[in-house]
Amino acid sequence: MRRRPESSSTAPDTSAKKSSGTSKTDEEAKLNHGIQIRTARRSGFTWLTLFAVIVYSSWAVYQYQYENLPVPLTAEQAGKRGFSEVAAMKHVKALTELGPHTIGSDAIELALQYVLAELENIKKTAHWEVDVEVDLFHVNVGATRLDSGMFVDRTIIYSDLDHIVLRMLPKYAPEARENAILVSSHIDTVFSTEGAGDCSSCVSVMLELARGISQWAHGFKNAVIFLFNTGEEEGLSGAHSFITQHPWSTTIRMAIDLEAMGIGGKSAIFQAGPHPLAVETFASVAKYPSGNIIFQDIFSSGVIKSATDFQVYREVAGLSGLDFVYADHGAVYHTKNDKLKLLKSGSLQHLGENMLAFLLQISTSSHLSKANATVDDIQSSHDSAVYYDILGQYMVIYRQRFANMLHSSVILQSLLIWTTSLLMGGSTAAVSLAFSCLSNILMWIFSISFSVLAAFILPLISSSPLPYISIPSLVLGLFAAPAFLGALTGQHLGYLVLKRYLSNVYAKRKQLSPAIQADLIKLETERWLFKAGSLQWLVLLVIGTYYKIGSSYLALVWLVPPAFAYGLLEATLTPGRLPKPLKLATLWMGLAIPILVSAGQVIKLTTVIIGLSVRFIRHPGGTPEWLPSLGLSLFIAVVICLTLVYLLSYIHLSGAKTSIVLSTCILFALSLAVVFSGIIPPFTEETARAVNLVHVVDTTGGFGEKPNSYISLFSFTPGKFTKEVEEIKEGFACGRHNAIDYVTFSVKYGCLTYDGTEEGWDESNIPTLDVVKDINGDKRITQVKIDTKRSIRWFLAINTEEIEDFTFNVGLEELVAADGKRSIDGWHTIQASGGKNAPTKFELTLFWLQNSTRRSDKMVQSEQRPLLRIRTDLPGVVTPKVETVLEKLPPWYSLFGKSTSPHTLSFLSSLPIDF
């Protein structure tokens, strides 16, 4: 067998060898029978170009898929029936000018009045054949307890809420009112932001959609209901109160929720189903389809600690539908920087045009009632949808049943090919496969180790454990570079082990010279490493198919194209044929589709994770500072190992290993130097650190004692305050000894000051927990009266190590029955909020566990947890000391609000077990 000669990357010095090696050359020629081996010519320039093209292609895919927004249309350009971002932005501006509009505030009343006035105008200008109904819906009181998500095992109580509901349907088709599509979002914000993104942008899109739909609805077969609710930020109360108390809720067959966990960008589907009708309809008509089941799988897993109204519609009402979210600039979520000027141009146009096309299609559907199947029905039939968009222009969607068939077919064919290959190759092939798999294992170990080590280093050299928040691209040097270096190191060690084994195998073959054998061993080792990459993805596809994970389509995308390219350009059915260097064309062909399909998703997910790092910690100071960076480094290492496994197999025979390693080390060193020098600040005024500043009046020390008043400064963002408190100069002392229990979470590290904290609050606002009856019979029952005084936002924790169950009454109405409640860490929490006229007096009846006894030993008593703990907030109240500190906070600090965090004035109290 003869090979066409080709010069290697290292040319031999023939002039030096002619006279001295003549006899040896003749002997090798007899052994080789004229065989010449083609060696790989992959120069440093070739690899530099290859990396540049891959990086540029991936970034270009991301830019086109997520940053390519439509041109905003004016009202004149959109016409009466179209969607105009310019018109919608006027609503955003009007709502954000009100400032933070929390429930119970004057601003929320103004926001409701604005929305109501706009809807009345739409009603006046609607098509004459369209029936438009506007309802200002008031909710007196209600309660809920969800079975999953961030509010699991928590009782949510709400009262005195107002929502605005708009219904449109054909005037001469009254039967349309029996089947309705709900479009929902929330007007209220948290106390720390004006809420341009979350969710004034959503409300504004709905107002402009309602205007457009009012000119189309005369041809609908189904009604369209727009719900502008309040209370979402306090535990999804608005959605629950509407779905359980409004008479129109019984007609709803599909729910669409609009949300934001950032500000602007493309609003993408991040939850769909369980019935696939909604997402299938959206995929078929959306002008700029955006969505991926990856985000749905991650959200459903509980990794992201958040919740939307869609959970209520799906879990409580049993509805199917879609959940859209804005996710750009996640670091500004619920901070002062969620403001109008950061809202990207084209963001509202993107969502508005997609939603308008979707509503026009689904409102004329005759199959809407079928979409109201229960979650269990859909899951049992495996009929949910797998969906993902390509470059934001086309959405691929198919049923889970088809995915199972497709994946199983690919798995069976892959196993057949592997079995045939191993049978033809014998024991040598089996052992080679084992060693190539070992190289993958070493690749994972080293990549994760190197990247994680970088995460541990950052808090030691940086003023912040998260130095990459303001410049997310820093993660390329801080984590991707060491992850890549570790992956290359680990795989190269496996390469050396496999090469040694093949050397022993080839040593038994006397027909080839040592020089030829050495070249053949390298080439065969390279091929085994490439094939091991496809085996890695095959294993993931098997696991994803078995557990019916929608995101396993990624394994299919990364398995089939590279395997096809290898089979087309490299594979041979002739066992005796000698291996050749892998062609670069194989790599290009194999990676083109995977990069096109997944590069944008990976980069987007990385930016989302970086944004979440700002509010990562559940209990401030309760987790190591390096933990968020550890999670990010693990994710990046996993991405490197999964996506670059094919590319890495090419490097070992190239002449560019040294330059590649050196370049990676330089990138890592430069990134560390930038962090260490502080040239790039970790936070900026527009990407601020999330902090909380609370004036606390604490009476948990004991009855009869004087209330303890202090200012507490803490953050859900990892990091300390040492430098900042020195500049503030208000008597703050920081450390882990300043632990505070805020009922819904605990502060393990924070800063306290007692200076000047006696003003701005009154003892009459301290909540009371009074025992009015304590019956010791077969079962001990205790009745407690709760008075939250002026507070309409409060949190009560019940000790479930002592209490088996409870009832909760508002006046004569039993709001929460004794129905067996679960707990977390030995506590069941009641979370309550409401409007200005929300009740403040309640009655709690506690049913003790049988083995609970009242203990009087003082030593034991001091170690006991209290029976009840309560925190009340006074929204909108800023004491003089808090105001002073707020003025001195650095501009890269921002107050942070969420459903469980305190406002700027809070009262803490408790009821001991031995009351």
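Source: prediction; values computed, not measured.
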Q: May I ask you to test the Met355-Phe83 pair for a side-chain heavy-atom distance under 4.5 Å?
A: no
**Q.** Side-chain donor-acceptor pair present, Gln215, Arg81, cut-off under 3.5 Å
**A.** no
Q.
Just verifying a value: how many Å separate Met206 CE and Leu166 CG, rounded to the nearest 0.5 Å?
A. 8.5 Å
Q.
Does Ile593, at its CD1 atom, have more than 12 non-hydrogen atoms belonging to other residues, nucleotides or ligands within less than 6.0 Å?
A. no
Q) Do the side-chain N and O atoms of His407 and Thr545 include a donor-acceptor pair separated by under 3.5 angstrom? A) yes
Q.
Does any part of the side chain of Val165, heavy atoms only, come nearer than 4.5 Å to the side chain of Ile225, both counted from C-beta?
A. yes
Q.
Take a 6.0 Å sphere around NZ of Lys836 and say whether it holds more than 12 heavy atoms from other residues, nucleotides or ligands.
A. yes
Q. Between Lys93 and Glu97, is a salt bridge (charged side-chain N to carboxylate O under 4.0 Å, His left out) present by the stated rule, with each step listed?
A. CA-CA 6 Å; Lys93 185 174 185 296; Glu97 286 177 346; 2.5 Å; yes
Q) Is the His163-Phe242 ring centre distance short of 6.0 angstrom? A) no
Q: For the residue pair Ile263 and Ser201, establish whether any side-chain heavy-atom pair is separated by less than 4.5 Å.
A: no
(Q) Can you tell me how far apart OG (Ser363) and CG (Leu169) are? Round to the nearest 0.5 Å. (A) 10.5 Å
Q. Do Glu353 and Gln349 have a side chain donor and acceptor closer than 3.5 Å?
A. yes
**Q.** Heavy-atom closest contact (Met168 atom, Val132 atom, distance)
**A.** CG-CG2, 3.8 Å
Q. Quick one: do the Glu686 and His329 side chains pair a donor with an acceptor below 3.5 Å?
A. no
Q: Calculate, to the nearest 0.5 Å, the distance between atoms CG and CG belonging to Leu112 and Asp162 respectively.
A: 6.0 Å
**Q.** Donor-acceptor side-chain pairing of Asn404 and Gln400 below 3.5 angstrom
**A.** yes
(Q) One pair to check against salt bridge (charged side-chain N to carboxylate O under 4.0 Å, His left out): Glu194 and Lys339. What are the steps and the verdict? (A) CA-CA 6 Å; Glu194 63 190 35; Lys339 51 191 176 183; over 6 Å; no
**Q.** Polar contact flag, side-chain donor to acceptor under 3.5 angstrom, Glu259-His186
**A.** yes
Q) Are Glu129 and Tyr172 close enough that a side-chain donor and a side-chain acceptor fall under 3.5 Å? A) no
Q | Nearest heavy-atom neighbours spanning Ile108 and Ile187 | A | CD1-CG2, 4.0 Å
Q) Hey, are the side chains of Gln831 and Ser899 touching, using non-hydrogen atoms and a 4.5 Å cut-off? A) yes
Q.
Looking at every non-hydrogen atom in both residues, tell me the closest pair between His101 and Ser200 and how far apart they are.
A. NE2-OG, 4.0 Å
**Q.** Flag side-chain contact, heavy atom, 4.5 Å: Leu209 against Phe226
**A.** yes
**Q.** Option passing ring-ring contact (aromatic ring centres under 6.0 Å, His included) with Phe270 (candidates Phe299, Phe310, Tyr388, Tyr387)
**A.** Phe299
Q) Are side-chain N/O atoms of Ser284 and Gln361 paired as donor and acceptor at under 3.5 Å? A) no
Q) Can you list the steps and then say if Phe282 with Phe324 is a ring pair (Phe, Tyr, Trp, His ring centres under 6.0 Å)? A) CA-CA 12 Å; Phe282 178 83; Phe324 290 88; 5.3 Å; yes
Q) Is atom NZ of Lys171 surrounded by more than 12 heavy atoms (other residues, nucleotides or ligands) closer than 6.0 Å? A) yes
Q) Looking only at heavy atoms, which two atoms of Ala75 and Ser84 are closest? And how far apart? A) N-OG, 3.2 Å
**Q.** Residue pair Glu118, Arg211: steps toward the salt bridge (charged side-chain N to carboxylate O under 4.0 Å, His left out) verdict
**A.** CA-CA 9 Å; Glu118 291 299 317; Arg211 184 200 59 77; over 6 Å; no
(Q) I'd like to check Tyr313 versus Met254 (side-chain heavy atoms, cut-off strictly below 4.5 Å). Are they in contact? (A) no
Q | With His240 via ring-ring contact (aromatic ring centres under 6.0 Å, His included) - residues at least two apart | A | Tyr158
Q: For Ile293 and Ala385, work out which heavy atoms get closest and say how close.
A: CD1-O, 3.4 Å
Q.
Applying ring-ring contact (aromatic ring centres under 6.0 Å, His included), can you list everything that pairs with Phe896, at least two apart in sequence or on another chain?
A. Phe716
